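Data block below; observations after.
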Amino acid sequence: MARTLDSTPAADGFRMPGEFERHAGTWMLWPQRPDNWRLGAKPAQKAFAAVAAAISQFEPVTVGVNSEQFANARRMLPPQVRVVELSSNDAWMRDCGPTFVINDQGEVRGVHWRFNAWGGLVNGLYFPWELDAAVAQKVLEIERLDRYRAPLVLEGGSIHVDGQGCCITTEECLLDEGRNPKLTKDAIEDYLKIYLNVEKVLWIPRGVAHDETRGHVDNLACFLRPGVIALTWTDDYSDPQYERSAEAYEFLSRATDACGRALQVYKIHQPNPIRIQPEEAEGVDIVEGTLPRQPGHRLPASYINFYFCNGGAIVPTFNDPHDEAALATLQRLLPERQIIGVPGREILLGGGNIHCITQQQPE
Ligand code: KQY
């Protein structure tokens with residue numbers, strides 16, 4: 001039975017584990033909306049299928065699909081991937097899926113945050129979003145897991161934890177006027193502490209330039225393990241990302257985590273600027289209320305938007321000269337894992353990358 005609980009994870013002794021801890025599996029959604037994905041989402045569907053196939057070499061994968069795409073998704077996804085009918089407005093399981101929490105007895109529950117399409121009627125990316133807002137509850141029902149309903153607008157891409165009491169986020173994202181305009185920074189921090197069961201929140205000032213989420217940390221920085229962070233970087237002073245990464249580097253290098261450790265911060269150089277090509281923009285339907293895709297618009301490409309799975313890490317590649325160094329650096333920093341590059345451009349054209357379309361369910 002999946003109950004909705006009146007208590008909180010912290011009160012019940014549940015915490016969000018680090019993504020690098022063991023997973024029972026991965027959840028994803030299936031892209032289809034033609035006002036976000038070009039050419040009726042066909043290229044994006046191939047890209048999502050490649051991500052699901054790569055992860056499924058390491059752990060079970062479930063993909064939630066709207067009813068009209070069920071047969072197509074079943075045909076395009078490898079047989080070892082479970083496909084379930086699950087309606088959504090778009091395909092960002094990181095952001096609308098549950099945040100799973102565990103206790104010391106190995107029990108798993110889920111946090112269901114409020115979802116408003118990255119900014120609601122103030123600066124959200126599409127309207128309506130009511131199907132996305134129900135995804136977390138439906139995933140927890142399928143898994144028969146109890147649910148905490150958190151009174152905070154939050155997408156999973158705006159937080160990372162080390163599983164040992166520390167959370168990283170950005171001020172740009174969580175203090176954004178479209179998310180929780182009535183809550184102070186202290187009130188938001190208190191909710192993070194209660195629902196993730198962390199003791200320390202590190203507020204990085206800003207995320208990646210041109211990111212339509214306005215500051216998701218999962219495109220900027222992540223924990224490789226407790227005490228160790230990877231950060232997207234550029235050596236080009238004239239790039240709009242330089243100032244953002246430099247301030248994050250300064251901030252994180254001076255910070256300590258909840259255990260009092262100084263953080264080690266490793267830089268991963270971003271790809272060269274990637275812009276929407278005219279033929280890519282042309283394939284996207286124009287719909288009032290959905291963020292338009294303009295030719296020439298710079299995309300927030302980052303290798304940090306990768307996903308840990310059991311024994312592996314699935315990293316977006318961009319057919320860029322920096323791909324090789326990014327994969328090699330991650331392999332050096334994560335020697336116990338197999339680092340797999342999967343093309344990320346089609347996912348990036350929709351506004352995110354591999355981390356944004358996946359959600360880990362802990363073991
Ligand atoms: O987490 C993300 N980066 C998702 C971005 C959503 C974009 C919707 N067009």
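Only a predicted model underlies this, so the values are computations on that prediction, with no experimental measurement involved. Whatever order the structure lists them in is the order used to number ligands and atoms, beginning at 1.
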Item to check | N-O pairing of Arg109 and Asp12 below 4.0 Å | outcome: yes
Item to check | Residue pairs passing the side-chain hydrogen bond (donor to acceptor under 3.5 Å, both in side chains) test where at least one lies in residues 271-282, sequence neighbours excluded | outcome: Glu280-Arg345
Close N/O pairs between ligand 1 and protein, under 3.5 Å:
from, atom 1, to, atom 2, distance (Å)
ligand 1, 1 (O), Asp95, OD2, 2.5
ligand 1, 1 (O), His216, ND1, 3.4
ligand 1, 3 (N), Gly351, O, 3.2
ligand 1, 9 (N), Asn36, OD1, 3.1
ligand 1, 9 (N), Glu212, OE2, 2.8
ligand 1, 9 (N), Arg293, NH2, 3.3
ligand 1, 9 (N), Gly350, O, 3.1

Item to check | salt bridge (Lys or Arg N to Asp or Glu O under 4.0 Å) pairs, two or more places apart, involving residues 251-262 | outcome: Glu250-Arg254, Asp257-Arg261
Checklist entry - Can a donor-acceptor pair be found between the side chains of Thr99 and Trp113 at a distance below 3.5 Å? => result yes
Next on the checklist: Which residues pass the ring-ring contact (aromatic ring centres under 6.0 Å, His included) test with Phe306, not counting sequence neighbours?
Outcome noted: Phe308
Next on the checklist: Within the 3.5 Å criterion, strictly below it, is a donor on Thr329 or Tyr303 matched to an acceptor on the partner's side chain?
Outcome noted: no
